[in-house]
Amino acid sequence: MFSALSSLQPRQFLTQILNFALVLSTAFMLWKGLSVITDSPSPIVVVLSGSMEPAFQRGDLLFLWNRGMDTQIGEVVVYNVKGKDIPIVHRVVRRFGGGEQPLKLLTKGDNNLADDTELYARGQDYLERSQDIIGSVVGYVPFVGYVTILLSEHPWLKTVMLGIMGVMVVLQRE
Amino acid sequence: MSSQKIAVYSLSDLKNTTDDALPNYLTSLKFRQSHHLIDVRLALGYSAVVIAAITFYADWKLGWDKTKYGTFWAVLVYFVLNGALTFWIWGVERGKVFVGDIEHRDAGRNTISMASSVTKHTPIYNLTVAYTNPKGEEKRLELSSPFTRWFDADGFFIAKPFQQWLASEVPLIGQIDTKNKIGNPKANGTSEATAVVVEQKIDTQTPKKTTGREMAPPSTRARKGRKAADR
């Protein structure tokens, strides 16, 4: 299989490697481009829990927008809690400040009984709009995010997929 | 590469093997190959990849907030470079498989470029040859030939008929490689007759095929071979 590679001229070999690198880097830079446009570190997220049912199910793909800083009550936002890795999707139920003062928000999952004070970091009882929020939900596609749930719950699948992609691109000459 | 067996029904295999054989033949005739097209392509491509790699590393180390403005410029430059690369491949390279020149005692100094192409599902090799003679006159030729001319039924590339094809169709190559030039280069349409002769020659060169046909009753492989030869 790899004899096909070793018989290539150095320039042809570099071209094959380049094709593979371009596939990966283009995907990454498109993602970063979307980040720049939406001003969000993570412009597309997948719902991991059922806490927002029936609005969003596990596996829904959400599109975020982080340029409207004056978030209103009723908007669904995604936020990061300091010290925790996984972003949370919940609805804004109360807001304080705004205008001159920094905007502070309280959130709650539609399917949860209590608001999110429990989920916030120790001693934190509201979210800072400018720091904690990574975007408001502006659109969604149901169910397709299940692929990434599978990938994150079985990390070896990622390695396998990346490996298959790499070998295919390097060996193919179309 | 040319000694490798390929699938005769795969058009990209046919084209790639032929594309690889072209520079081999021309450099053996003392053509000097110029690599500047592919070098520019590699430079553009790898610059873009390096920018993406730096962005990735910075994002991983520093996080989003600190790299926001850097990322904006990186994304911009990346896609500009990518666009330039696409333009280079489609607008400048245009399928060129050989660019080079030659200093020859009879023909003088000539520059030559060759671009190959195939039409989908059509096993015909199209070659656009452009060369400039010492007086600065440019000559353009559009050649095409079925791949069966230089591939045998088993998928082996046979260099001789391929070289004869080029030497007979391109006057410059015929002038340099006189022993591969067949008949009068001005007369077209000799290909049918010569192709038959050449294929008989190939049979003696590759005994594998002939013995296979003689010993065994028509197998699938033999049938496949005949079909390809008929075309």
Side-chain angles (χ1 to χ4, degrees), chain A residues 1-45 64 66-67 78-80 82-83 85 87 128 130-135 162 166 168-169 171-174, chain B residues 1-4 6 10-13 15-17 19-20 23-24 27 33 35-39 41-60 62-83 85-86 89 93 97:
Chain A
M1 182 165 78
F2 287 99
S3 65
L5 268 185
S6 59
S7 66
L8 291 173
Q9 309 278 325
R11 283 187 174 82
Q12 276 181 336
F13 178 73
L14 283 175
T15 312
Q16 301 288 90
I17 301 289
L18 177 64
N19 288 345
F20 176 52
L22 279 175
V23 170
L24 286 185
S25 64
T26 303
F28 175 70
M29 288 313 253
L30 280 174
W31 171 255
K32 281 290 145 195
L34 199 60
S35 270
V36 167
I37 292 168
T38 59
D39 195 28
S40 168
S42 171
I44 299 174
V45 294
L64 307 186
N66 198 29
R67 289 195 179 273
V78 177
Y79 63 89
N80 275 319
K82 290 177 195 80
D85 286 339
E128 295 275 3
S130 53
Q131 287 169 24
D132 299 323
I133 308 282
I134 62 171
L162 211 70
M168 267 169 57
V169 175
L171 294 181
Q172 241 174 18
R173 272 183 79 184
E174 291 290 334
Chain B
M1 252 215 108
S2 49
S3 61
Q4 248 170 1
I6 57 139
S10 161
L11 199 51
S12 64
D13 274 10
K15 180 176 181 292
N16 286 335
T17 310
D19 285 349
D20 289 342
N24 285 347
T27 47
Q33 189 171 7
H35 293 289
H36 86 276
L37 284 176
I38 196 161
D39 286 345
R41 173 177 174 171
L42 289 172
L44 285 172
Y46 277 105
S47 318
V49 169
V50 165
I51 286 173
I54 293 172
T55 313
F56 183 82
Y57 183 76
D59 181 56
W60 177 55
L62 302 170
W64 169 250
D65 283 324
K66 284 182 196 146
T67 55
K68 222 162 153 175
Y69 294 101
T71 303
F72 169 77
W73 289 108
V75 168
L76 205 71
V77 174
Y78 180 87
F79 284 105
V80 167
L81 282 174
N82 225 326
L85 179 66
T86 311
I89 291 169
E93 282 190 0
V97 283

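Naming: A, B, ... by sequence-line order, numbering from 1 per chain. Just so it is clear, the model here is predicted, and its values are computed rather than measured.
- Ranked by non-hydrogen atom pairs under 4.5 Å with chain B, the options A:I17, A:V36, A:L24 are led by A:V36.
- Taking B:D65, B:N82, B:D59 one by one and counting their heavy-atom pairs under 4.5 Å with chain A, the maximum is reached by B:D59.
- In this structure, the side chains of B:W64 and A:I134 stay at 4.5 Å or more apart for every pair of heavy atoms.
- Annotation: B:W73, atom CH2; neighbour count of heavy atoms from other residues, nucleotides and ligands within 6.0 Å does not exceed 12.
- At a threshold of 4.5 Å between non-hydrogen side-chain atoms, the residues A:Q12 and B:I38 do not count as touching.
- For B:F56, the CZ atom is loosely surrounded, since the number of other residues' heavy atoms within 6.0 Å does not exceed 12.
- When heavy atoms are compared at a cutoff of 4.5 Å, B:Y78 approaches chain A solely by way of its side chain, counted from C-beta outward.
- Evaluated for a side-chain contact (heavy atoms from CB on, under 4.5 Å) with A:S25, the options B:V50, B:T55, B:I51, B:V49 yield exactly one hit, B:V49.
- The CG atom of B:L81 sits 9.5 Å away from the CE atom of A:M29 when rounded to the nearest 0.5 Å.
- In terms of heavy-atom pairs under 4.5 Å with chain A, the best-connected choice from B:A48, B:A52, B:G63 is B:A52.
- Considering CZ of B:R41 and CG of A:L18, their distance stands at 7.5 Å, rounded to 0.5 Å.
- Neither the backbone nor the side chain of B:Y69 comes within less than 4.5 Å of any heavy atom of chain A.
- Residue A:I37 does not touch chain B at all, counting heavy-atom pairs closer than 4.5 Å.
- When heavy atoms are compared at a cutoff of 4.5 Å, A:S42 does not approach chain B at all.
- Looking at B:A53, there are no atoms closer than 4.5 Å to chain A (heavy atoms on both sides), in backbone or side chain.
- The structure places NZ of A:K32 at 14.5 Å from CZ of B:F72, a figure rounded to the nearest 0.5 Å.
- In this structure, chain A has no heavy atom under 4.5 Å from any part of B:L76.
- Residue-environment remark: NZ (B:K66) stays at or below the threshold of 12 foreign heavy atoms within 6.0 Å.
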